[in-house]
Amino acid sequence: MTAHVKACVLGWPITHSRSPMIHGYWLKKYGIEGSYVKEAVHPRDFPDFFKSLKNHGLVGGNITVPHKETAYALADEVRDCAKAIRAANTIWLDGDKICAANTDSYGYMTHLNLSAPKWNKIDSPAVILGAGGAARAIIYGLMQSGVTEIRLSNRTRNRAEELAKFFGPKVKVYDWSDNRKALAGAGILVNTTTLGMEGSDPLEIDLTSMKQDSVVSDIVYAPLETPLLAQARASGFTPVDGLGMLLHQAVPGFEKWFGVRPEVTKELRDLVVADLEGA
Ligand code: ATR
């Protein structure tokens, strides 16, 4: 009999996570004897929970807000770009060691390459709004793909300054009130702030100074079409939604825990979209 393999998503709060739905779909599809559960762990209890993963019967899991930096710091071994991003969203056991990686960059870039394949032919500056963990992962991914100028704008300017210092001179900081200046001649815009999310204010921004054929992407996926994406579509730009990043970032973790590289299918996407729309 094959042993039951259990993975989880660790966060605080964790109620709205769609990760169990994604991994549950794959477990069923590939006929794997396993489960993927939600674990709501308060920041105070996170280090103990993390260190005793094995005692909880877990082989690993995803790490979400607010634990990504702590997971990075606590891991016995940090792999791939988690080193550059200094945050981990995927962990797994390797013997008694806990390994950590960051798949947010992979998730964002894979979705961008699939849904707007011409984006990197634009050869123009990229604009990133926001300076949290997601911004850090996306800046890393864009720089790895050869983007030579990244304009970064965040409500709290010093968080943007810190990121610019971390990534070097290719990242230039713009005042939050200077969004329009940052967008002049830009070829891609990425919103990594929470503006536009259900229950939050929309992102007020004038896109008219962006290059023709620009890509406008949002990492917010609830709603699926944020006001920013609707505005981009109406202006003739290519909108790239946030759901694809969520789906693709899940792939490497599933493969680590359950031994099968899963596919992001239309059926999976439709399942999550239906859930988002029904929520
Ligand atoms: P994550 O790690 O998931 O990216 P985060 O660190 O909480 O999340 O970052 C959220 C981003 O949304 C931040 O850039 C935040 O700006 P501040 O650094 O100024 O807090 C941005 N954000 C949240 N609410 C905002 C608002 N009302 N207006 C502008 N930016 C906002």
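We count ligands from 1, going down the list as the structure has it; atoms in each ligand are counted the same way.
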Problem - Ser124 and Lys211: side chain donor to acceptor below 3.5 Å - result: yes
Practice task
Measure the acute angle between the ring planes of His248 and Tyr106, then classify it against the limits of 30° and 60° as parallel, tilted or perpendicular.
Solution key: perpendicular
Practice task
Using the ring of Phe254 (Phe, Tyr or Trp, six-membered ring only), decide whether Arg261 places NZ or CZ under 6.0 Å from its centre and within 45 degrees of its axis.
Solution key: no
Completion exercise
If you scan protein heavy atoms around atom 24 (N) of ligand 1, the nearest is Thr194 OG1, 3.3 Å
Handout entry: N/O donor-acceptor pair under 3.5 Å between Ser214 side chain and Ile188 backbone
Key = no
Exercise for the section: State plainly whether the residues Arg79 and Glu77 are in salt-bridge range, i.e. N to O under 4.0 Å. Expected result: yes
Completion exercise
Checking heavy atoms under 4.0 Å, the part of Arg159 that sits near ligand 1 is side chain
Completion exercise
Closest to atom 5 (P) of ligand 1 among protein heavy atoms sits Gly132 CA, 4.1 Å
Completion exercise
Under 4.0 Å from one or more heavy atoms of Gly130, ligand 1 contributes atoms 14 (O)
Problem - Smallest separation among heavy atoms of Asn154 and Gly130, with atom names - result: OD1-CA, 3.2 Å
Completion exercise
Of all protein heavy atoms, the one nearest atom 27 (N) of ligand 1 is Arg155 NH1, 3.3 Å
Practice task
With heavy atoms of Ala131 as the reference, note each atom of ligand 1 found under 4.0 Å away.
Solution key: 14 (O)
Fill in the blank from the handout: Interatomic distance, OG@Ser105 vs CD1@Ile139, rounded to 0.5 Å, equals 10.5 Å
Handout entry: Pick from Thr193, Leu195, Thr64, Asp104: the one approaching atom 29 (C) of ligand 1 most closely through a non-hydrogen atom
Key = Leu195
Practice task
Among all protein heavy atoms, pick the one closest to atom 19 (O) of ligand 1 and tell me residue, atom and distance.
Solution key: Thr156 OG1, 2.5 Å
Exercise for the section: Around atom 3 (O) of ligand 1, find the nearest protein heavy atom and jot down its residue, atom name and distance. Expected result: Val65 CG2, 4.3 Å
Fill in the blank from the handout: heavy-atom search around atom 14 (O) of ligand 1 in the protein gives Asn154 OD1, 2.6 Å
Problem - Ala101 versus Trp92, closest heavy-atom pair with distance - result: CB-CZ3, 3.6 Å
Problem - Nitrogen or oxygen of Ala135 less than 3.5 angstrom from that of ligand 1 - result: no
Exercise for the section: Provide, to 0.1 Å, the distance between atom 4 (O) of ligand 1 and the closest protein heavy atom, together with that atom's residue and name. Expected result: Ala134 N, 3.2 Å
Fill in the blank from the handout: Of all protein heavy atoms, the one nearest atom 2 (O) of ligand 1 is Gly133 N, 2.8 Å
Problem - salt_bridge(Arg155, Asp175) N-O dist < 4.0 Å - result: no
